Each structure stands twice: as structure tokens, then as C-alpha cells.
Student: 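Please read through the structure below; I'll follow up with questions.
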2 protein chains.
Amino acid sequence: MTEATTTANTDAPASRSSRDKLLASALACFDEHGLTGMTIEQIRRQANSSIGSLYHHFGNREGLIAALFLQLLDDQLAWSRTAIDAATTPYETLHALIHGYLDWVTHHPVEARFMYAARSEVARGENAAALKEKNRQRIGLLLAVLKAGIKSGSIRSLPPETFASLLVGPSENYCRAWLADRVQGKPVAHADVFVDAAWRAISATPCE
Amino acid sequence: MTEATTTANTDAPASRSSRDKLLASALACFDEHGLTGMTIEQIRRQANSSIGSLYHHFGNREGLIAALFLQLLDDQLAWSRTAIDAATTPYETLHALIHGYLDWVTHHPVEARFMYAARSEVARGENAAALKEKNRQRIGLLLAVLKAGIKSGSIRSLPPETFASLLVGPSENYCRAWLADRVQGKPVAHADVFVDAAWRAISATPCE
DNA sequence: ATTAATTCTAGAATATTATTCTAATATGAC
DNA sequence: GTCATATTAGAATAATATTCTAGAATTAAT
């Protein structure tokens, strides 16, 4: 579903593996019925697959949800990876991070809605460790940049565990609101507002 | 469960209605097994109730979850209501709002975890309207204060639909991280950081 | 190419869980 | 007390997840 949603797939539909079709089908069923409403039978039928095949690939319902979640998480990180790696200053890093996040959600609303809905279940299930590891990588990368900024004086000293929340908290909150139809403007349309707010929150000299 | 967690209940346990016992039991089962893992049978047994009673009060599983969610939402709003009403300036309002939120989550971790987990399901179920109405009330109150602030020049002009995210986004994000054991410090311990960040985000003169 | 090992698919059988349904019991109004 | 209504009970049923066994496809080795 990664490929299918991000690019026009040049391969014939039949070339998509059974596993991928099941993941794509799970996402579609989630969109239609919600996380608790979607059933194994629906997913299996829409993927033209069998119960046996589904359980062979994913073990159980939770495994299917976790697999979809982790794949989407990789997608999301890859989306802004290039821009983040190209950034040289803390501000550029922050800009790439937030803009990339807002942009990904704007272009993948169903995927994002699924991730918000599934995260807490994944975090307590069998694959909790895999999720924690990916989180640590992301946070580690970010904290390194910020600590350098603190030393150089461009970023003020704050409790390290609050940095991530200050940076992406407003963006995440707005994305959730958008996906729940509580606000109308696409997330990426407010990128400047959220980048600016993040910079004000952590910059030593926000008014210059 | 509301009473039980916020105050020492002076009534005898038997005085608690069957409905309330079911709600309390649902919360406990959620804590132990997660939203998708908790079963009607578990909830019924822990509440010393019957299947018929449960369905009489809540209609179905979704109704039970929604009832618990909406009750906790009222709890949460009431928690900081006094402080918010007492506030006279935009900064005081903002302070009361954020501090109250962080304080409630800190003192009601299980309830908060449940709310984060259940919100998206409630938002698409039968009780979506009830949730939307409560949200509108909260947002409306807030926007009134902010618009007055913009007119008086103390708050800068921003897209109205981004205000709520700028104010509570970081706090909410941090609370989720805390409840998922990704950070250690209690949310309310960082209240100053988040109040300050919110003020920087929306103030016309953050550096004075 | 043939065999053997492995992976994958199928779907009936089973187990688990949610929900319905009917009857009985309490509660409150008059 | 009698009626009406609300509540409780739990067996019966329906919906759903999971297991299990067998067979088909694929791969690797010779």
C-alpha cells in the first residue's frame, strides 16, 4: 500500500504480493469501518485472499495491525528524510521535520488516521519493542541537533524530554483535528504557523 | 469511578449504582487488557453484574465505551473550570487551561490513557454528536478570550483554527508520551515550560 | 528435470466473544 | 396493594477470531 498510495504503480496489480494486498485491504477496511469495526473476513475478501494466508503472514489480527502500522511509520520517516538530512542549522532541521510531517499527513489522510488510531494498541502488543526502537532512533537524531544548538547558544536550555512535544505537539494536534473534521484547512497550509511556533518555543532569540 | 478516584467516597460501596460499577469495571479492564483486549464478560464479572444489565444500560460495547469517555470528558473539564472562570487576562486563561490539563492527566493516568485510546472510536460512533457538542463549547469559550486579546493587541493574529493546537498541542503530546512510558517527568512538573511555550506561540510580545 | 524442503494458500472446524431475547425481580407512583 | 416501569439475570444465538489439516506453489539442490 506504500507504493500504491505514494506513486502510480507501473506493475500490474497481480504483481502485488498477497501480503501487500492484505495490508492495503486492512487500511481500506479501517477507513470504512474503523479499527474495532473492521473484521478479518472483510479484509480477507477485499484482498481476494484466504484466512489461512492472512494468519500465515501476520499471526493474528494484532499482528496485521502492527505490520501495517510499522510499515506506515517507515513511510512517514522516509518522506522527510532527504530534507532533514540536508538541513545544516537547527532551524532548517526543525523546518524540515515539521513541514515533512504536515505534508505527509496532508497527502496520506487515511494512513495517518490509522496510525493515530492504532498506535496505542501497537504500543502494548507483541511489537512494542519494534516501535520503541524506531522511536528512539528518531528522538536520538533530534536531540543531537538540539544539544549542539544549546551549546552554540541558539537554542535555550529546556528539559530534554519536553523538546519533541514542543516541536511537533501543535502539528500533531492539528493533524488529528483535521482528520476528525474539526478544522478545515489542510495541515501543510499552516506549515509556516507551526514552524514559527516551534522556533519561538525553543529559540534563545525568538524575536530577532 | 469519577468519585472514587478524585475523592475518598464516604458512601458505602453498595450505594454505587450498577451503572457506575460497570463503568469503573470497564476502566479497570481497559487498564489491564487494553481497549480491544477487554471483554464484556470480564467487565460484567468484575462489576458483579449481568450481561442483561450491561446491555440495558449501554446498548452495546461501543455505548459503554462512549459513556465512559463522555463522563471522563466532563470530569476533565470540571477539573479546571474554577480556575479558568476566575482568570481575567488571556495569559491567566491560558495558564489555567494548560495547568489544569496537565494536572488532571497527572492525577488520572488511567482515565487519560483510556480517553486517548477511545477518542477516535467515539468520534465515529453513535455518540459522535455528543462529543462534537462538548468540543464546540470548549473551543467557543477559548476563541472568545483570544479574539478579545487580538483586538486589544496582546495576542497576535493567527488562523483561528490553529489556536487550540498551539495552546494544548505540546501538553497533549507530552501527556501521551508520559502515559506510554516514553518520558519520565510527570506532566504537571513541566507546566511552566508548556505555559511559557503557549504564550510565546500566541503572544504579540513574547519577549517582554 | 526430479526430488525434497519450504513457503504459501485454502477453507472447514473450533473457540471466543458480542448480542439478543425472554422471563423474573425490584422500584416507584398512585 | 396494584400497576407500570426500570432493572437484573442468564440461556440461546449470532458474529467473529483463531486453529488446524491438507494441498498447491515455489525454491534449492543434485
Side-chain angles (χ1 to χ4, degrees), chain A residues 1 11-69 71 114 117-118 121-122 124-127, chain B residues 1 11-69 71 114 117-118 121-122 124-127:
Chain A
M1 153 264 346
D11 299 336
S15 74
R16 191 195 263 171
S17 75
S18 166
R19 190 175 186 278
D20 287 348
K21 278 200 288 188
L22 283 164
L23 288 172
S25 175
L27 185 63
C29 289
F30 162 79
D31 190 32
E32 193 170 356
H33 302 105
L35 194 63
T36 57
M38 73 187 193
T39 71
I40 297 289
E41 170 60 19
Q42 287 163 8
I43 296 167
R44 176 208 69 74
R45 185 175 36 214
Q46 185 159 344
N48 269 314
S49 188
S50 67
I51 297 176
S53 192
L54 192 153
Y55 278 86
H56 169 74
H57 286 298
F58 303 107
N60 56 23
R61 192 189 138 98
E62 175 190 308
L64 169 59
I65 290 169
L68 179 54
F69 180 89
Q71 172 174 332
F114 172 82
E121 292 296 325
V122 175
R124 56 170 300 139
E126 294 286 331
N127 302 78
Chain B
M1 148 263 347
D11 300 336
S15 75
R16 190 196 263 173
S17 75
S18 165
R19 190 174 186 279
D20 287 347
K21 277 199 288 187
L22 283 164
L23 288 172
S25 175
L27 185 63
C29 289
F30 162 79
D31 190 32
E32 193 171 354
H33 302 105
L35 194 63
T36 58
M38 73 187 192
T39 71
I40 297 290
E41 171 58 21
Q42 286 163 6
I43 296 166
R44 177 207 69 72
R45 184 175 36 216
Q46 185 159 343
N48 268 314
S49 188
S50 67
I51 296 175
S53 191
L54 191 153
Y55 278 87
H56 169 74
H57 286 298
F58 303 107
N60 55 24
R61 193 188 136 99
E62 174 190 308
L64 170 60
I65 289 170
L68 180 54
F69 181 89
Q71 173 175 329
F114 172 82
E121 292 295 325
V122 175
R124 56 170 302 140
E126 295 286 330
N127 302 77

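Bear in mind that the values here come from a model prediction, so they are computed numbers and not experimental data. Proteins get letters first, then strands, A, B, ... in listed order; numbering begins at 1 in each.
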Student: Taking the inter-plane angle between the rings of B:F30 and B:F114 on a 0 to 90° scale, is it parallel (under 30°), tilted (30 to 60°) or perpendicular (over 60°)?
Tutor: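 B:F30 and B:F114: perpendicular rings.
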Student: To the nearest angstrom, how far is B:R45 atom CZ from C:dT17 atom P?
Tutor: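 So the CZ-P distance, B:R45 to C:dT17, works out to 10 Å.
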Student: Of all the heavy-atom pairs spanning B:A26 and B:L68, show the shortest one and how long it is.
Tutor: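 That closest heavy-atom pairing would be CB-CD2, 4.2 Å.
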Student: May I ask you to list the residues of residues 46-61 of chain B, by number, that have any heavy atom positioned under 4.0 Å from an atom of DNA chain D?
Tutor: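 Output list: B:S49, B:S50, B:I51, B:G52, B:S53, B:H56, B:H57.
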Student: Using atom CD of B:E41 as one end and atom C1' of D:dT16 as the other, report the distance to the nearest whole Å.
Tutor: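 Spelled out: CD on B:E41 to C1' on D:dT16 is 17 Å.
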Student: Let me have the donor-acceptor pairs involving side chains of residues 35-42 of chain A, under 3.5 Å, with sequence neighbours excluded, atom names and distances please.
Tutor:
| residue | atom | partner | partner atom | Å |
| --- | --- | --- | --- | --- |
| A:T36 | OG1 | B:E121 | OE1 | 2.8 |
| A:T39 | OG1 | A:Q42 | N | 3.1 |
| A:E41 | OE1 | A:R44 | NE | 3.1 |
| A:E41 | OE2 | A:R44 | NH2 | 2.9 |
| A:Q42 | OE1 | A:H33 | ND1 | 3.2 |
| A:Q42 | OE1 | A:T39 | N | 3.2 |

Student: Looking at A:S18, does any N or O in its side chain come under 4.0 Å of the phosphate oxygens OP1/OP2 on C:dT9?
Tutor: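 For C:dT9, OP1 or OP2 has a side-chain N or O of A:S18 closer than 4.0 Å.
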Student: To the nearest Å, give me how far apart CD (A:Q42) and P (D:dT16) are.
Tutor: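 My rounded result for the distance is 7 Å.
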Student: Tell me the interatomic distance from A:E62, atom CD, to C:dT17, atom P, rounded to whole angstroms.
Tutor: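 Result: 14 Å.
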Student: Yes or no on side chain to side chain contact (heavy atoms under 4.5 Å, CB included) for B:K21 and B:S49, after CA distance, side-chain angles and deciding distance?
Tutor: CA-CA 8 Å; B:K21 277 199 288 187; B:S49 188; over 6 Å; no
Student: In whole angstrom, give the distance that lies between atom CD1 of A:I40 and atom C1' of C:dA10.
Tutor: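 Result: 16 Å.
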Student: Let me know the distance between CG of A:L35 and C1' of D:dT16, rounded to the nearest Å.
Tutor: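 Value for this atom pair: 15 Å.
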Student: To check you understand the geometry: which heavy-atom pair defines the closest contact between B:I65 and B:A118, and what is its length?
Tutor: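 Scanning both residues completely, I find the closest heavy atoms to be CG2-CB, 3.8 Å.
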Student: If I compare all heavy atoms of A:S18 with all of A:H57, which pair ends up nearest, and what's the gap?
Tutor: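 In terms of heavy atoms, the two residues are closest at OG-NE2, 4.1 Å.
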Student: Rounded to the Å, how far apart are B:R44 CZ and C:dT20 P?
Tutor: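 Rounded to whole Å, this separation is 18 Å.
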